[in-house]
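Everything below concerns the one structure shown next.
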Amino acid sequence: MKSPVYNVQAVPIEKVHGNAFNPNKVAPPEMKLLYTSIKEDGFTMPCVVYYLADEDQYEIVDGFHRYTIMKTHK
């Protein structure tokens with residue numbers, strides 16, 4: 001078996017959305033720190049998504065806060 005970790009792909013951000021079961025909330029100061037980190041170092045970890053074929057959409061499994069930064073900052 002080949003691990004999906006070795007199959008990183010770029011997908012259209014318009015087709016990506018959060019999942020309904022992520023209760024994790026991050027306070028504004030920590031989101032600002034995440035933004036600063038990404039701004040200085042770039043994205044060092046990809047967001048993990050699951051493809052929903054019936055919707056032609058991708059649901060986030062891991063990386064919702066990185067996705068939020070990506071959507072809210074240029």
Side-chain angles (χ1 to χ4, degrees):
M1 178 186 110
K2 185 175 179 179
S3 172
V5 171
Y6 300 113
N7 193 25
V8 176
Q9 299 175 20
V11 299
I13 198 165
E14 300 80 23
K15 291 188 174 195
V16 177
H17 61 83
N19 60 52
F21 54 88
N22 185 356
N24 189 356
K25 303 287 185 208
V26 174
E30 282 74 19
M31 284 299 280
K32 186 173 181 180
L33 285 173
L34 178 59
Y35 167 71
T36 301
S37 173
I38 291 170
K39 185 176 176 183
E40 291 178 2
D41 300 327
F43 286 91
T44 59
M45 297 280 296
C47 296
V48 178
V49 298
Y50 179 78
Y51 182 61
L52 302 167
D54 57 329
E55 299 175 23
D56 190 31
Q57 294 283 308
Y58 297 86
E59 186 170 81
I60 296 173
V61 175
D62 180 58
F64 179 77
H65 301 113
R66 291 179 300 241
Y67 163 80
T68 301
I69 295 296
M70 195 181 319
K71 290 283 285 187
T72 58
H73 295 81
K74 290 185 179 184

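- Criterion: ILVMFWY side-chain heavy atoms under 4.5 Å apart, direct or through other members. Under it, V26 and V61 are not part of a common hydrophobic cluster.
- Nearest heavy-atom pair across G63 and C47 is O-SG, 3.3 Å.
- Between the OH atom of Y35 and the CE atom of M70 there is a distance of 13.5 Å, given to the nearest 0.5 Å.
- Side-chain contact check for V11 versus V16: some heavy-atom pair is nearer than 4.5 Å.
- Rounding to the nearest 0.5 angstrom, the gap separating the CD1 atom in I69 from the CG atom in L34 is 4.5 Å.
- At least one side-chain heavy atom of Y67 sits under 4.5 Å from a side-chain heavy atom of I13.
- In this structure, T68 contributes its side chain and F64 its backbone to a donor-acceptor pair below 3.5 Å.
- Connection of L52 to V48 is established within a shared hydrophobic cluster, with ILVMFWY side chains joined at heavy-atom distances below 4.5 Å, either directly or through further cluster members.
- H17 places a side-chain heavy atom less than 4.5 Å from the side chain of E55.
- Listed for the N19 side chain is a donor-acceptor partner under 3.5 Å among the backbone atoms of I60.
- Ring geometry, Y51 versus Y58: the interplanar angle falls from 30° to 60°, so the pair is classed tilted.
- Side-chain contact between D56 and K15 is present, with heavy atoms from C-beta onward closer than 4.5 Å.
- Rounding to the nearest 0.5 angstrom, the gap separating the NE2 atom in H65 from the NZ atom in K25 is 7.5 Å.
- A distance of 6.0 Å separates OG1 of T72 from CE of M31, quoted to the nearest 0.5 Å.
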